[in-house]
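Here's the structure we're looking at; comments come further down.
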Amino acid sequence: MSRYQLKEAHELVVDGKRYLFGVSTGAILGMDAPAARVVDFLKNRPGVSVQELAAHLESEGETGGTQEALEELVALEVVGSGGAGEWRGEGAEEPKGKGKIASLSACTPAPSHPCTSSSQPRLPFPVRSLVCHIARDCNLRCAYCYAEGGSYGQERALMDPEMTCRSVDFLLRHSGGNRRISFTFFGGEPLLNPQALRAAVQYGRAQEERWGKEIDFSLTTNATLLSEETVRFLSENRIGVTVSLDGPAAINDRMRTYPDGRGSYQSVLPQVRLLLDHHRTRPVAARVTVTRGVGDLGEIFGHLRGLGFSQVGFCPVSTRDARYALSLEDLSSFLEQLCHLAWRCISVRVPEAKGLQEPSFQGLESLEWAGKDLPASDSHPTRSGYNPEEAAGRPLPLSNLANLLRELHRGERRPYPCGAGLGLLGVGVDGEIYPCHRFAGSPDLSLGRIEQGLDLGRQTAFFQRVHSTKRAEKCLECWIRYLCAGGCYFESYVRHGDPFAPNLDYCRWLAEWIEEGLRLYVALAENRPGILMGLLED
Amino acid sequence: MKHVKAINLRAQALEARAKGELPDIYALQMQLPMSCSTVFDPGWEVDGMFGLAGLCQPMENDLYGCSADCWWPAQVPDELVNYPGWSDQCSAAVRDWQKIKFIQGGP
Ligand code: SF4
Ligand code: SF4
């Protein structure tokens with residue numbers, strides 16, 4: 001006789017219907033009434049037999065579909081089953097968090113662990129993206145810059161074009177089976193070093209065929225130094241461009257200034273126009289850094305979209321400096337506005353959704369949040385009668401949302417927060433390799449040099465520390481742990497002085513944002529799957 | 001399925017597997033590392049002390065990664081064909097690993 005119990009899941013209600021997000025599977029499932037009844041009965045019960053389940057539902061006057069629903073829940077890994085002979089209930093331990101059930105204890109003794117392999121990811125690991133600092137210098141002095149005026153706290157310097165070509169070579173050599181690889185020009189302001197940019201692109205394009213690989217070049221710039229000629233080069237070579245710009249002049253110029261304190265907006269505008277008008281081969285994105293006070297995200301978004309950026313992404317500033325860092329209220333307002341913006345993006349695309357009740361938040365009472373379940377609200381009723389033509393094939397203009405929906409669609413599960421140190425590496429102007437671009441100038445975290453290659457010992461040590469420290473008790477209980485995996489190493493470094501500390505500062509924020517994404521995803525998938533597919537396209 | 005609806009790709013892949021169809025392997029696998037938000041399936045692991053206490057995601061991912069989604073002949077019973085309920089009592093591997101069943105002999 002099999003005994004059943006619920007596996008870990010996060011529950012939500014959209015348009016009066018109940019859904020589950022499988023914490024470890026990443027599967028999103030809708031339940032009808034019989035399935036929901038089974039789930040409800042299994043909650044708080046550590047191991048239930050079919051007979052018990054049937055008896056209970058019968059006593060409630062519900063019988064139809066129970067057995068079938070149970071089988072489906074088992075097949076989709078929401079409910080687990082075990083043979084009764086092998087299991088002994090341990091009494092109803094209080095479950096931790098919604099949808100989570102205290103487990104049974106096996107009669108069998110604890111097995112000795114079969115594994116003797118090391119805890120390390122298998123190295124060398126094929127590199128997919130290389131982010132290269134071609135300039136450790138910048139012509140702006142944005143107040144919040146984590147790179148301290150583009151210099152990363154070191155002497156200002158440009159990368160030798162030969163070193164840039166070697167870096168391209170490094171990427172080609174270390175990319176293993178990856179056929180599409182990406183090389184990003186970063187800084188400082190990379191356009192302070194146009195020689196290196198041109199040399200690397202020419203070299204890379206010439207090597208692609210020989211290696212049978214395709215290099216996706218991209219550039220992150222403040223746009224101040226763009227010329228007609230540069231834009232033509234970027235367009236001709238299909239170089240993806242992201243412009244750092246914080247919105248209209250009044251907002252942008254509070255932080256993004258020249259060394260003499262002048263705001264940068266006015267001088268950037270003509271270049272941005274030039275870029276948007278003449279870069280024909282790739283969409284151009286804007287990246288907004290959100291700082292203390294937050295401002296009006298809708299206004300910023302509208303302004304940048306109005307200029308012609310095809311995507312706008314918002315990112316909170318990385319700093320502990322209280323003048324710029326987001327306070328608790330700021331984070332709350334940021335989240336609220338981002339969610340509203342997300343709904344707006346969808347409702348613009350899907351006109352009938354305009355009257356949709358927008359998300360409402362009570363605010364975040366605490367930054368640290370260990371992933372306790374949030375009350376499932378039902379604030380977003382079904383929207384019907386969308387016009388599929390309206391939307392098909394046009395990607396979402398809010399990159400935060402586009403990325404989240406894509407992750408939820410695939411049911412992504414990530415064992416590490418990002419590819420830093422594995423598939424993604426950063427290179428400093430001097431050819432020093434770092435776990436990612438943002439660590440440039442932190443010599444203790446160097447992973448080798450472009451000329452000599454990766455130092456496997458250091459890479460191993462990096463992941464030893466990731467494994468021994470990054471995962472907090474809190475993460476073990478957290479329903480978004482397979483999407484977050486402890487958070488950005490660099491954020492932890494900035495906030496706690498230790499890249500390996502779990503980044504518990506944004507837990508609550510992140511969980512609410514993902515919850516909102518789930519809601520949107522489910523609403524679209526259920527009502528207008530065609531539109532959703534169009535939005536997910538790149 | 002009649003009572004539970006698979007909404008996203010992952011759920012659809014689980015459903016395909018349950019029906020005995022060949023699931024979309026990509027949808028079941030961990031995604032390959034890319035850019036700032038890369039993912040990676042590191043294989044069976046223990047922590048620095050050869051235990052499990054220091055692990056969070058990798059252990060659980062690997063455990064189920066090896067046994068269920070993309071079965072390969074590791075030290076883990078395969079859930080796909082021979083041992084479907086093998087890890088059912090163990091929803092959080094780090095905490096509940098003692099509760100994983102033994103498999104004796106061959107299938
Ligand atoms: S750091 Fe991430 S995984 Fe860990 S508890 Fe916070 S949100 Fe969850
Ligand atoms: S450590 Fe942070 S900044 Fe670096 S790649 Fe990872 S998420 Fe991105």
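Just so it is clear: chains get the letters A, B, ... in the order the sequence lines come, proteins before strands, and each one is counted from 1.
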If I compare all heavy atoms of [X] with all of [Y], which pair ends up nearest, and what's the gap?
X      : Y     : answer
B/L14  : A/E77 : CD2-OE2, 3.7 Å
A/L29  : B/A11 : CD2-CB, 3.6 Å
B/K2   : A/D32 : O-OD2, 3.7 Å
A/G411 : B/R10 : O-NH2, 2.6 Å

Report task. Quick one: do A/V78 and B/V4 satisfy side chain to side chain contact (heavy atoms under 4.5 Å, CB included)? Show the steps, please. Result -> CA-CA 10 Å; A/V78 174; B/V4 188; 5.6 Å; no
Query raised in the report: Judged by atom type as modelled, is there a donor-acceptor pair below 3.5 Å linking the side chain of A/E72 to the main-chain atoms of B/H3?
Result: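 Side chain of A/E72 to backbone of B/H3, a donor-acceptor pair under 3.5 Å: yes, one is there.
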Query raised in the report: Looking only at atom types and distance, does a side-chain atom of B/N8 sit under 3.5 Å from a main-chain N or O of A/A525, one as donor and one as acceptor?
Result: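 No, the answer is negative, given that no donor and acceptor are paired below the 3.5 Å cut-off.
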Report summary line: So, the part of A/L408 with a heavy atom under 4.5 Å from chain B: the answer is backbone
Query raised in the report: Most heavy-atom pairs under 4.5 angstrom with chain B, which of A/E71, A/E68, A/R180, A/M31?
Result: A/E68
Report task. Heavy atoms only, distances under 4.5 angstrom: which of A/G22, A/A35, A/A69 has the most pairs with chain B? Name it, please. Result -> A/A69
Report task. Look up atom CZ in A/R410 and atom CG in B/L9, then write down how far apart they are to the nearest 0.5 Å. Result -> 9.0 Å
Report task. Take B/K5 and A/K17 through the test side chain to side chain contact (heavy atoms under 4.5 Å, CB included) and record every step on the way to the result. Result -> CA-CA 11 Å; B/K5 182 172 173 190; A/K17 292 194 205 140; over 6 Å; no
